[in-house]
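Start at 1 and go down the list; that is how both ligands and their atoms are numbered.
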Amino acid sequence: MMKIPIAEPCIGEGELENIIEAVKSGWVSSKGDFIRKFEERFAKYCGRRYGIATSSGTTALHLALAALGIKKKNKVIVPALTFIAVANTVTYCGAKPVFVDSHPDYWCIDPEKIEEKITENTNAIIPVHLYGHPCDMGPILDIAKDHGLYVVEDAAEAHGAEYKNKIVGSFGDISCFSFFGNKIITTGEGGMCLTNNEELAGKMRILRDHGMNPNKRYWFDVIGFNYRMTNLQAAIGLSQLTKINQFIEKKRQIAKLYAEGLNGLEKKGLITLHPEMEWAKCVYWMYSILIEDKFKIERDEVMKKLDERGIETRNFFYPLHILPPYKISDDSLNLAKNISSKGFNLPSSPVLGKNEIKYIVKTLTEMVVR
Ligand SMILES: *Cc1c(COP(=O)(O)O)cnc(C)c1O
């Protein structure tokens, strides 16, 4: 039986043409025109001045924290419910991630629960726009300002999403993106840091390139990294960028079809649909639902049944505070734990057809015990 995949990259002729051009030019490594163009155009798309392309979303986050000077003894506020790379990059700096619970209505970090976790060693906060839904940036920026914290947006799952009509990635000191194969646009592996701050941009460029002094080759003032993106990756990214609004529009159409089809189950309290707050434009990176107790079948069993019928799904991230590297007992993070245990992602690729969505809706609906 054919499987309906959870995600698939949409790579076409444009990407191929750019790749051929890059290969023919000989610039296959991390110098070349595609990198500069991709950085400029993606920064412009997000309304930011500077783009610094990286080898992944993870290296983008680490580069951002390193440029801000996050170091040993520092603490960085992160959501409990997110991908582990967020906490890991804090750990790479020798700093400690401090977890904050989810908002019950839209699953991202709850701004009301941030302040109680701030101590004198806290110096940054990483809001993550989870599964395509923006964080409530207004209060987060206010808290950051009151306490003198840096804000590093993690927009790896939310390219093009908007908070109060302003695109994500345009808030805070630095914003970070991933272009991994299953993200909204891809370069295979890849990422980018965006900022309006010229000094930070310069620092990130230097740290990305082993810490080499830009005016004196092979002179190193600091310990840096090799976090560069290749021209081949950027060649793909540049072509993907021309289609980003198309991909987002398609994801929003898919979300609408799921919501229409599954609305009845939500009304009966059996499931919770992927939210979109009135202040948000969600890009539904992966359309997600929560299986509520009333459904009578547990989340993992529902996923198994869908799998048997050829529908690939993905369970939500485990909250970081229950994973071995970050294990702590903290009752203030129970919402994140609860949402994580009920949630999963449905197939959300832009090439998904109407009939496939109908089939997925029908399969889920038929599962309900009458
Ligand atoms: C994918 C992702 C990352 C890491 O990106 P990579 O390119 O896979 O390293 C970081 N944060 C979040 C929220 C992600 O979803």
- Note the single closest protein heavy atom to atom 4 (C) of ligand 1, along with its residue, its atom name and the distance in Å. T58 OG1, 3.5 Å
- To which protein heavy atom is atom 15 (O) of ligand 1 closest, and what is the distance rounded to 0.1 Å? E157 OE2, 2.5 Å
- Heavy-atom closest pair (V78 atom, P97 atom, distance to 0.1 Å) is CG2-CB, 4.0 Å
- Check N196 against R49 and note the closest heavy-atom contact, atom names and distance. OD1-N, 2.8 Å
- Assess the side chains of D101 and S332: does a donor N or O sit below 3.5 Å from an acceptor N or O? no
So, is [X] polar-close to ligand 1, with some N/O to N/O distance under 3.5 Å?
X	result
K183	yes
G57	yes
D154	yes
E189	no

- Is ligand 1 less than 4.0 angstrom away from at least one heavy atom of H129? no
- Query: What salt bridge (charged side-chain N to carboxylate O under 4.0 Å, His left out) pairs are there with at least one residue in residues 114-136, not counting sequence neighbours?
  - Reply: K117-D330
- Under 6.0 Å between ring centres, would you say that holds for Y92 and H62? yes
- Atoms in ligand 1 with a heavy atom of V128 nearer than 4.0 Å: 13 (C)
- Could you go through the side-chain hydrogen bond (donor to acceptor under 3.5 Å, both in side chains) check for E292 and T272 one step at a time? CA-CA 7 Å; E292 302 296 345; T272 298; 2.6 Å; yes
